Number of protein chains: 2
Amino acid sequence: MTSNSSHKDSCSCNVIHQDRVDRVKSKMPNEEKLYDLADLFKVFGDTTRIKIICALFEAEMCVCDIAVTLGMSQSAISHQLRVLKSARLVKYRRDGKIVYYSLDDEHVKNIFDQGFSHISHI
Amino acid sequence: MTSNSSHKDSCSCNVIHQDRVDRVKSKMPNEEKLYDLADLFKVFGDTTRIKIICALFEAEMCVCDIAVTLGMSQSAISHQLRVLKSARLVKYRRDGKIVYYSLDDEHVKNIFDQGFSHISHI
DNA sequence: TGAACACATGAACAATAATTCATATGTTCA
DNA sequence: TGAACATATGAATTATTGTTCATGTGTTCA
């Protein structure tokens with residue numbers, strides 16, 4: 001009744017390396033943290049949002065600027081900015097009727113650079 | 001007929017900062033690269049794959065090991081390993097009927113660390 | 001050789017997410 | 001105040017993706 005070989009339900013094979021499994025299991029970050037990490041990367045996993053972030057690397061921009069730069073509708077951009085905002089990746093300031101967005105994170109640039117390194121690596 | 005104000009189709013607003021738009025546009029990485037980057041992050045945007053990668057940080061593992069560690073079916077793991085493989089994030093070696101997977105990238109660890117930093121940042 | 005095993009994979013189904021469309025909110029200015 | 005504008009947002013639609021189920025492939029060993 002221990003966690004030794006009661007895995008038949010989830011995996012048809014016998015446990016090959018129980019010691020390794022146990023060790024890795026004990027070293028894994030907790031479930032919630034991994035879930036949050038996946039959620040963060042999910043935000044980066046869309047071309048529109050990638051483009052928005054890349055644009056904001058260069059300059060603070062209003063929603064309309066971004067829409068024109070990307071050749072997309074204001075609504076689509078606004079929806080995606082909402083996602084970026086709730087992931088705390090961008091911040092905004094209001095100036096009259098115009099809302100300016102800018103990056104709000106010191107890690108994104110590094111993450112993107114590492115990402116670019118990976119995809120450029122033959 | 002220049003690119004000045006012919007954007008009415010994609011964005012209902014007038015161009016607010018044409019200079020900024022032009023400058024940012026010229027500095028944006030090319031479309032294909034951005035698409036590839038999004039594809040890479042899409043791979044990280046799933047809890048199962050995140051868990052697999054975290055497990056492989058600790059040790060080389062066979063498919064069954066991973067399945068047991070994560071409490072998931074062999075098939076589900078195998079499908080996801082395929083995704084990780086085609087993103088060149090994991091490599092494998094065959095030893096008899098057992099296939100061992102391990103990480104095949106020097107950037108992932110950094111990307112994950114930056115990601116963890118972001119989500120831990122209050 | 002053939003049974004057993006570890007793994008891979010195609011198809012189907014379920015769940016999630018991106019864009020569009022219509023419209024609402026909040027600000028400016030005449 | 002009310003018209004015009006920049007942005008936000010809910011609902012619907014379409015597209016994408018993860019898991020399961022059934023089965024195929026490749027290896028070992030009796």
Side-chain angles (χ1 to χ4, degrees), chain A residues 5 7-17 20-21 35 38-52 60-87 90-101, chain B residues 5 7-17 20-21 35 38-52 60-87 90-101:
Chain A
S5 56
H7 300 289
K8 294 288 178 185
D9 32 317
S10 61
C11 177
S12 63
C13 46
N14 302 308
V15 177
I16 315 270
H17 310 93
R20 201 174 305 187
V21 169
Y35 201 89
D39 271 352
L40 174 65
F41 288 131
K42 213 171 286 180
V43 174
F44 297 138
D46 174 76
T47 316
T48 301
R49 289 190 293 263
I50 288 273
K51 286 180 186 172
I52 294 176
E60 175 188 68
M61 293 181 105
C62 67
V63 179
C64 182
D65 287 345
I66 301 174
V68 172
T69 304
L70 271 59
M72 294 181 65
S73 73
Q74 173 269 319
S75 179
I77 300 299
S78 193
H79 276 294
Q80 297 307 339
L81 282 170
R82 190 169 189 261
V83 175
L84 292 168
K85 215 176 357 178
S86 67
V90 301
K91 60 178 187 285
Y92 64 97
R93 68 180 178 89
R94 180 157 216 139
D95 182 14
K97 25 182 192 180
I98 303 177
V99 177
Y100 291 94
Y101 281 86
Chain B
S5 55
H7 299 289
K8 295 288 178 184
D9 32 317
S10 61
C11 177
S12 63
C13 47
N14 302 307
V15 177
I16 315 271
H17 311 94
R20 202 176 303 187
V21 168
Y35 200 88
D39 271 352
L40 174 64
F41 289 131
K42 215 172 284 182
V43 174
F44 298 138
D46 174 76
T47 317
T48 301
R49 290 189 293 263
I50 288 274
K51 285 180 187 172
I52 293 176
E60 176 188 67
M61 294 180 105
C62 67
V63 179
C64 182
D65 286 345
I66 301 173
V68 172
T69 304
L70 271 59
M72 294 181 66
S73 75
Q74 173 268 319
S75 179
I77 299 299
S78 194
H79 276 294
Q80 298 306 340
L81 282 170
R82 189 169 189 260
V83 176
L84 292 168
K85 216 178 351 178
S86 66
V90 301
K91 60 179 188 287
Y92 65 96
R93 67 180 178 88
R94 178 157 215 139
D95 183 13
K97 21 179 196 180
I98 302 177
V99 177
Y100 291 93
Y101 281 86

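In what follows, every chain begins at residue 1, and chains take the letters A, B, ... in the order their sequences are listed. Keep in mind that this is a model prediction, so the values were computed, not measured.
With a 6.0 Å cutoff to the six-membered ring centre and a 45° limit on the axis angle, B:Lys85 counts as a cation-pi contact of B:Tyr92.
Among the heavy atoms of the strands lying under 4.0 Å from B:Tyr101 are primed sugar atoms or P, OP1, OP2 only; no base atom is included.
The shortest side-chain heavy-atom distance between B:Tyr100 and A:His17 falls under the 4.5 Å cut-off.
When rounded to the nearest whole Å, the span between CD1 of B:Ile66 and C1' of C:dC7 equals 11 Å. Straight-line distance from the CD atom of A:Gln74 to the P atom of C:dT25: 16 Å, rounded to whole Å. Across the protein-nucleic acid pair, A:Tyr100 atom OH and D:dA8 atom P stand 13 Å apart, rounded to whole Å. Straight-line distance from the CE atom of B:Met72 to the C1' atom of C:dC7: 16 Å, rounded to whole Å. A straight line from CG of B:Asp65 to P of C:dA6 spans 11 Å, rounded to a whole angstrom. In this entry the distance linking NZ of B:Lys42 with P of D:dT16 reads 9 Å, nearest Å. If you measure from atom NE2 of B:His17 to atom P of D:dT7, you get 9 Å, rounded to the nearest angstrom. The separation between B:Phe41 atom CZ and C:dA17 atom P is 18 Å, rounded to whole Å.
Both B:Ser78 and A:Asp39 sit near DNA chain C, but only B:Ser78 has its closest nucleotide nearer the 5' end.
Nearest approach of A:Ile77 to A:Met72, heavy atoms of both residues: CD1-CB, 4.1 Å. For the residue pair A:Ile50 and B:Phe41, the shortest heavy atom distance occurs at CD1-CD1, 3.8 Å. Among all heavy-atom pairs drawn from A:Gly45 and B:Lys42, the shortest one is O-CE, 3.0 Å. Scanning all heavy atoms of the two residues, the minimum distance from B:Ile52 to B:Ile66 falls at CG1-CG2, 3.9 Å. A pairwise comparison of heavy atoms in A:Thr69 and B:Val21 identifies OG1-CG1, 3.5 Å as the closest pair. Taking both residues in full, the closest heavy atoms of A:Cys62 and A:Ile98 are given as CB-CG2, 3.4 Å, listed atom of the first, atom of the second, then distance.
With hydrogens and angles ignored, the 3.5 Å screen pairs no side-chain donor or acceptor of A:Arg49 with any backbone N or O of A:Phe44. Not a single donor-acceptor pair under 3.5 Å links the side chain of B:Arg82 to the backbone N or O of B:Leu84.
Nearest nucleotide to the A:Ser75 side chain, out of C:dC21, D:dA8, D:dG18: C:dC21. Nearest to the side chain of B:His79, among D:dT20, C:dT20, C:dA18, sits D:dT20.
A close approach under 4.0 Å does occur between a side-chain nitrogen or oxygen of B:Arg82 and OP1 or OP2 of C:dT9. Between B:Ser73 and the phosphate of D:dT20, there is a side-chain N or O to OP1/OP2 separation shorter than 4.0 Å. Of the side-chain N and O atoms in B:Gln80, one or more sit less than 4.0 angstrom from OP1 or OP2 of D:dT19.
You won't find any donor-acceptor pair under 3.5 Å spanning the side chain of B:Thr48 and the base of D:dT19, going by distance alone.
Comparing the start and finish of the helix from C:dT1-D:dA30 to C:dA30-D:dT1, five pairs each, the helix axis swings through 20°, to the nearest 10 degrees.
The stretch residues 91-98 of chain A touches DNA chain D through A:Lys97, A:Ile98, each having a heavy atom under 4.0 angstrom from the strand.
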